Number of protein chains: 2
Amino acid sequence: MKRITIDSNLSLAILGLLAQEPMSGYGLRKVFLTTAMKAWSDSPGAIYPALRRLRKDGLIEGTVQRENTLRPREVFALTRRGRAGLVASLTRPVTREDVVRRTDGLFLRFSLMSGLVGRDGMLAFLRGMEGQTEDYLKVLEAEFRRRGPGLPFSGRAALERGVEDFRATVRWVKKTRMDLAKLRTTEGE
Amino acid sequence: MKRITIDSNLSLAILGLLAQEPMSGYGLRKVFLTTAMKAWSDSPGAIYPALRRLRKDGLIEGTVQRENTLRPREVFALTRRGRAGLVASLTRPVTREDVVRRTDGLFLRFSLMSGLVGRDGMLAFLRGMEGQTEDYLKVLEAEFRRRGPGLPFSGRAALERGVEDFRATVRWVKKTRMDLAKLRTTEGE
DNA sequence: TGCAGCATGTAACCTGTTACATGATTAG
DNA sequence: CTAATCATGTAACAGGTTACATGCTGCA
């Protein structure tokens with residue numbers, strides 16, 4: 001059986017939500033629409049195809065509610081394989097690319113960890129995230145020192161915000177690691 | 001002539017860079033690869049098709065350097081239409097959707113403004129951004145107060161970071177507006 | 001002469017967007 | 001009964017990723 005990794009943030013978010021509670025496609029849409037996960041697509045043209053893909057890969061299975069009607073209602077839940085794939089995707093080592101181009105993917109991954117990944121796994125993830133972010137921050141800061149003074153106003157201001165954003169991420173990671181270390185081992189798992 | 005608006009961040013970034021200085025496709029790749037614009041794609045499979053689209057729409061034109069060879073080198077520059085379209089795309093009103101789903105697009109837009117958009121245009125943009133961000137921040141904060149306490153550790157921590165991020169954006173906008181107001185009118189235009 | 005880096009591109013594929021379509025259920 | 005909302009979907013399209021292919025140029 002080949003290794004499973006979930007490619008897109010949307011699929012990851014769907015799997016993560018279904019891990020917490022089985023839901024229909026419409027239920028997922030409502031979550032994306034009404035909660036803080038608004039950053040992800042609530043469009044049926046994204047969700048239903050994604051669900052079909054996940055089912056095809058054996059990561060989820062649906063039980064049809066209202067059989068024999070023309071408009072069945074289908075509730076999806078993770079399979080064992082789906083849970084394993086989700087956990088594997090969440091705990092994958094944090095790369096430079098993750099930090100530079102998929103920052104929100106990183107926060108999404110962490111947000112889904114409780115209940116699926118133990119405290120050690122979360123700490124390892126945060127350590128990786130901290131290291132990669134600090135490395136990249138150094139690069140950005142060096143660039144800001146070198147090229148910043150020559151940049152026009154708006155470019156410099158935007159770059160400054162970018163640098164500050166990575167600094168804030170580092171602060172968040174450090175704080176979250178501390179909070180997590182203080183937690184009783186079982187809590188949040 | 002129909003109104004031009006640039007759809008994707010990559011196209012916007014390309015137009016913005018070409019507005020500063022004509023460049024070849026490879027030149028653009030190098031910028032994406034070696035500067036703070038690493039968040040955008042440096043892959044030829046994205047850049048060259050985008051350049052062809054922009055040329056097809058009459059927004060840029062290329063002058064071939066090494067004619068008669070099998071491997072010509074082409075330097076692209078904005079057309080008048082391209083500059084107009086770029087300015088229109090940069091100064092488009094800031095929407096809620098921009099804030100929630102296209103935050104980096106907003107910073108990209110602002111970063112490209114100097115030299116193309118006057119101080120009043122920049123201030124209008126920042127005012128719009130501030131209003132929309134504050135509105136959404138209120139929504140997020142309310143959600144955090146309501147649902148935060150019940151969330152598992154990692155979900156709560158990630159949501160907290162999200163809220164803090166929008167707060168930081170508001171602070172940045174306020175500061176940048178002040179800095180901009182202090183600037184001599186001509187500077188940074 | 002050969003290799004590294006400059007420079008341009010294509011093809012297959014995947015995912016998401018927009019817009020449309022349609023049936024089922026429930027509150028007034 | 002009817003309108004709103006629940007609920008599921010499709011089709012056309014746009015855009016990006018990955019992997020591959022190829023020629024040119026300067027230098028050791």
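This is a predicted model, so every value here is computed, not measured. Here is the naming used below: chain letters follow the sequence lines, and residue numbers restart at 1 for every chain.
Looking at E130(B) and R127(B), no side-chain N of the basic residue comes within less than 4.0 Å of a carboxylate O on the acidic one, giving no salt bridge. With respect to R177(A) and D120(A), no salt bridge is recorded, no charged nitrogen being found less than 4.0 Å from a carboxylate O. The existence of a salt bridge linking D165(B) and R171(B) is excluded, since no basic side-chain nitrogen approaches an acidic carboxylate oxygen closer than 4.0 Å.
The phosphate of dT10(D) (OP1 or OP2) has a side-chain N or O of R52(A) nearer than 4.0 angstrom. Look at Y48(B) and you'll find a side-chain N or O under 4.0 angstrom from OP1 or OP2 of dT8(C). OP1 or OP2 of dG16(D) has at least one side-chain nitrogen or oxygen of S8(B) nearer than 4.0 Å. OP1 or OP2 of dC6(C) sits under 4.0 Å from a side-chain N or O of Y26(B). In this structure, R73(A) does not reach the dG23(C) phosphate: none of its side-chain N or O atoms is under 4.0 Å from OP1 or OP2. Contact between the side-chain N/O atoms of S43(A) and the OP1/OP2 oxygens of dG16(C) is not found at any separation under 4.0 Å. Proximity of R102(B) to the phosphate of dT17(C): no side-chain N or O atom is located under 4.0 Å from OP1 or OP2.
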Taking Watson-Crick and G-U wobble contacts under 3.5 angstrom, with | marking pairs to another strand and [ ] crossing pairs, the secondary structure of DNA chain D is written ||||||||||||||||||||||||||||
Would you sort out whether T169(A) and R161(B) count as a side-chain hydrogen bond (donor to acceptor under 3.5 Å, both in side chains), showing the intermediate values?
CA-CA 8 Å; T169(A) 295; R161(B) 167 75 179 114; 2.9 Å; yes
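Within the nucleic acid shown, R53(A) comes within 4.0 Å of sugar-phosphate atoms alone, with no base atom in reach, counting heavy atoms only. G25(A) comes within contact range of the sugar-phosphate backbone alone, with a heavy-atom separation under 4.0 Å but no base atom that close. At the heavy-atom level, S24(B) lies under 4.0 Å from the strands shown only through sugar-phosphate atoms.
Take R92(A) and apply the salt bridge (charged side-chain N to carboxylate O under 4.0 Å, His left out) test, not counting sequence neighbours, and it matches no residue.
Where K30(B) and A46(B) meet DNA chain C, the nucleotide closest to each residue was compared, and K30(B) sits on the side nearer the 5' end.
Distance, K56(B) NZ to dC13(D) C1': 12 Å, rounded to whole Å. Atoms CZ (R29(A)) and C1' (dT8(D)) sit 9 Å apart, rounded to a whole Å. Note: CD1 (I47(B)) to P (dA19(D)) measures 17 Å, nearest angstrom. Counting to the nearest Å, the C1' atom of dA14(D) and the CG atom of N9(B) are 14 Å from each other. Following rounding to the nearest Å, F32(B) (CZ) and dG16(D) (P) show an atom-to-atom distance of 10 Å. A straight line from CG of L51(A) to P of dT10(D) spans 12 Å, rounded to a whole angstrom.
Considering only the side chain of P44(B), dG9(C) comes nearest among dA7(C), dG9(C), dG16(D). Among the nucleotides dT17(D), dA19(D), dA7(C), the one closest to any side-chain atom of R101(A) is dT17(D).
Screening K30(A), R73(A), R29(A), E74(A) for a side chain to side chain contact (heavy atoms under 4.5 Å, CB included) involving S24(A) leaves a single residue, R73(A).
Within the 4.5 Å cutoff, no side-chain heavy atoms of F32(B) are placed close to those of K38(B).
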